[in-house]
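In what follows, a structure is listed as structure tokens, so that the remarks can point back to it.
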Amino acid sequence: MGWNEPEGQDVTFWQSHFKDFRRAFGFVMRVALQAEKLDHHPEWFNIYDKAHITLSTHACAGLSELDINLASFIKQVAVSVT
Ligand SMILES: C[C@H](O)[C@H](O)[C@H]1CNC2=NC(N)=NC(=O)C2=N1
């Protein structure tokens, strides 16, 4: 679990070891609600116990404060899922 180094224009978060689908999708749901609140929407992938999120800001074709803000929220949620 963790962030990759920014590669070019985005930052990717991955979490591959949730215990099951319920936890992985619960994580995605919590991030979705925060994304809607911030009006800032990730690109993501989920299969069973894996969730993979890519953050970028289309408006500036790169990273913005909103990505950093959402990234820190995502990390907090991810570590709180047991
Ligand atoms: C109109 C609306 O505020 C914009 O289209 C928002 C919506 N969500 C967004 N999400 C992301 N990731 N980047 C954006 O530039 C963006 N723009």
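Whatever order the structure lists ligands and atoms in, that order sets their numbers, starting from 1.
By the rule that hydrophobic residues join a cluster once side-chain heavy atoms approach within less than 4.5 Å of another member, Tyr48 and Met29 end up as members of one cluster.
Residue contacts with ligand 1: Ala59 is placed with a nitrogen or oxygen under 3.5 Å of a nitrogen or oxygen of the ligand (distance criterion only).
In this structure a side-chain-to-backbone donor-acceptor pair under 3.5 Å is missing from Asp20 to Ala24. Under a 3.5 Å cut-off, the side chain of Asp67 and the backbone N or O of Ser56 do form a donor-acceptor pair.
When hydrogens are left out, the protein atom nearest atom 2 (C) of ligand 1 is Asp39 OD2, 3.4 Å; that is the closest non-hydrogen contact. Given atom 16 (C) of ligand 1, the protein heavy atom at minimum distance is His58 ND1, 3.9 Å. Of the protein's non-hydrogen atoms, the one nearest atom 10 (N) of ligand 1 is His41 N, 3.0 Å.
In this structure, atom 5 (O) of ligand 1 has its sub-4.0 angstrom surroundings free of protein heavy atoms.
Ligand 1 has at least one atom lying under 4.0 Å from a heavy atom of Ser56.
Remark: Leu38 pairs with Gln34, His40, Leu66, Asn69, Leu70 by the side-chain contact (heavy atoms from CB on, under 4.5 Å) rule, at least two apart or across chains.
The two residues Ile47 and Phe45 have their closest heavy-atom pair at CG2-CE2, 3.4 Å.
Close approach of ligand 1 to Thr57 is summarised as follows: ligand atoms under 4.0 Å from at least one heavy atom of the residue are 13 (N), 15 (O).
No side-chain heavy atom of Val28 sits less than 4.5 Å from a side-chain heavy atom of Phe18.
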